[in-house]
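Position 1 is the first residue of the sequence; numbering continues from there.
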Amino acid sequence: ILNAIGFGLVLGLALLQFVGKGHVYNSARWANLCCSLFIQFCFSVLAPLLYLALLEVSVCVAEPFTFNDAKIPALRFLRALEEDLKSAAMIGDDPPHWDKPCYT
């Protein structure tokens, strides 16, 4: 609400300067009002959007495993690890192109 009030005041001053007198007497004051209007627009519109985006990111960082997109496929990793261990044991028992080493 405060952002809307501040933006409305600055917009009202700019419109009063431009429309109320019919023409702009002082171009430096008009440039100052336009800059103030742009800055107030950034504060009123862009800052809350950025705040909400950062809030959403912080929620995702604080609770990483509550969303389906962030779940770690642990069972698939364990199955692949078991397969790799079986393959390594089979290769270790009977190497394909050389004799099995014997350490005595």
Side-chain angles (χ1 to χ4, degrees):
I1 294 177
L2 292 177
N3 284 337
I5 292 171
F7 184 68
L9 288 173
V10 173
L11 183 63
L13 287 173
L15 288 177
L16 181 66
Q17 179 71 24
F18 185 70
V19 176
K21 296 179 181 177
H23 60 285
V24 179
Y25 289 113
N26 190 353
S27 62
R29 184 170 182 201
W30 175 245
N32 190 10
L33 280 174
C34 287
C35 289
S36 296
L37 185 64
F38 176 73
I39 291 170
Q40 189 63 36
F41 175 78
C42 291
F43 283 154
S44 298
V45 175
L46 299 179
L49 289 177
L50 183 63
Y51 171 76
L52 289 175
L54 290 176
L55 182 65
E56 184 69 27
V57 168
S58 65
V59 166
C60 290
V61 168
E63 298 176 359
F65 303 116
T66 54
F67 303 106
N68 286 332
D69 296 337
K71 290 199 185 258
I72 296 174
L75 291 176
R76 189 181 76 191
F77 288 160
L78 286 175
R79 287 187 195 119
L81 179 63
E82 287 174 355
E83 251 183 72
D84 289 344
L85 288 174
K86 287 178 187 175
S87 297
M90 194 170 56
I91 293 285
D93 288 341
D94 187 23
H97 298 291
W98 60 85
D99 294 334
K100 182 179 176 180
C102 179
Y103 302 104
T104 57

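Residues F41 and L49 share a single hydrophobic cluster, defined by chaining ILVMFWY side chains whose heavy atoms lie under 4.5 Å apart. Side-chain heavy atoms closer than 4.5 Å link hydrophobic residues (I, L, V, M, F, W, Y) into clusters, and following such links, possibly through other members, connects V10 to L15. In the hydrophobic cluster analysis, where Ile, Leu, Val, Met, Phe, Trp and Tyr join through side-chain heavy atoms closer than 4.5 angstrom, L11 is grouped apart from I39. In this structure, Y51 is not a member of the same hydrophobic cluster as V59, with clusters built from ILVMFWY side-chain heavy atoms closer than 4.5 Å.
Counted within 6.0 Å of CG on L55, heavy atoms from surrounding residues, nucleotides or ligands total more than 12; the atom is thus considered enclosed. The local environment of CG in D84 is crowded, with over 12 non-hydrogen atoms from other residues, nucleotides or ligands closer than 6.0 Å.
With rounding to the nearest 0.5 angstrom, the NZ atom of K86 is 10.5 Å from the CE atom of M90. Atom CG of residue L52 and atom CD of residue E56 lie 9.0 Å apart, to the nearest 0.5 angstrom. For the atom pair CD1 of I5 and CG of L9, the computed distance is 7.5 Å after rounding to the nearest 0.5 Å.
Shown here for P95 and G92, the closest heavy-atom pair between the two residues is CD-O, 4.1 Å. Listed here is the closest heavy atom pair of P48 and F43: CD-O, 3.4 Å. The two residues A14 and L37 come nearest to each other via the heavy atoms CB-CD2, 4.4 Å.
Using a 4.5 Å heavy-atom threshold, the side chains of P73 and F77 count as touching.
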